[in-house]
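Working notes for the structure below.
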Amino acid sequence: MEEKKEKNNTKNFLEIDGTVIEALPGAKFKIELDNGHEILAYLKGKMRMFKIKLLPGDKVKIEMTPYDMNHGRITYRY
């Protein structure tokens, strides 16, 4: 029997949940992470393409690089 392999994140992004605090111009958002930090995040291309709207109070999933903990990319809205 073959084992099912997990999809490996090759880019080593951190995935963190947060809440939208404020919508800013240019499809950028101020996000409060679950650990209390505030960051600036932008929408992923697929979310722009399918016109996913975000409002203050929405729960989102953020991708962040370990090198810059002040910026991120919104990949999913719960």
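It should be emphasised that the depicted structure is a prediction, and the values quoted were computed from it without experimental measurement. Scope of the values below: all heavy atoms of this structure, side chains included, with no hydrogens, waters or symmetry mates.
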For [X] and [Y], which heavy atoms make the closest approach, and how far apart are they?
{"X": "Asn12", "Y": "Pro66", "result": "O-CD, 3.5 Å"}
{"X": "Thr65", "Y": "Met69", "result": "O-SD, 3.6 Å"}
{"X": "Met47", "Y": "Tyr76", "result": "SD-N, 3.9 Å"}

Exercise. Is there a side chain to side chain contact (heavy atoms under 4.5 Å, CB included) between Ile52 and Ile74 once you walk through the steps?
Worked result: CA-CA 11 Å; Ile52 306 292; Ile74 300 169; over 6 Å; no
Can you find a pair of side-chain heavy atoms, one from [X] and one from [Y], that are under 4.5 Å apart?
{"X": "Ile31", "Y": "Thr19", "answer": "no"}
{"X": "Val20", "Y": "Val60", "answer": "yes"}
{"X": "Lys30", "Y": "Glu38", "answer": "yes"}
{"X": "Leu14", "Y": "Glu63", "answer": "no"}
{"X": "Arg77", "Y": "Lys59", "answer": "no"}
{"X": "Ile39", "Y": "Leu33", "answer": "yes"}
{"X": "Phe29", "Y": "Leu54", "answer": "yes"}

Exercise. Under 3.5 Å, side chain of Thr75 to main-chain N/O of Lys61, donor-acceptor pair present?
Worked result: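 Here the side-chain-to-backbone pair exists.
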Exercise. In this structure, are over 12 heavy atoms from other groups packed under 6.0 Å from Tyr67 atom OH?
Worked result: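 No, the 6.0 Å shell around OH holds no more than 12 heavy atoms from other groups.
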Exercise. Is Arg73 close enough and on-axis enough to Phe13, meaning under 6.0 Å and within 45°, for cation-pi?
Worked result: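 Yes, a cation-pi geometry holds between Arg73 and Phe13.
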For this session: Measure the spacing between CD1 of Ile62 and CD1 of Ile16 and express it to the nearest 0.5 Å.
Result: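 The distance works out to 8.5 Å.
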Exercise. Hey, any chance Leu43 and Met49 share a hydrophobic cluster, counting ILVMFWY side chains that come within less than 4.5 Å of each other, even indirectly?
Worked result: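 In one cluster with Leu43: Met49, yes.
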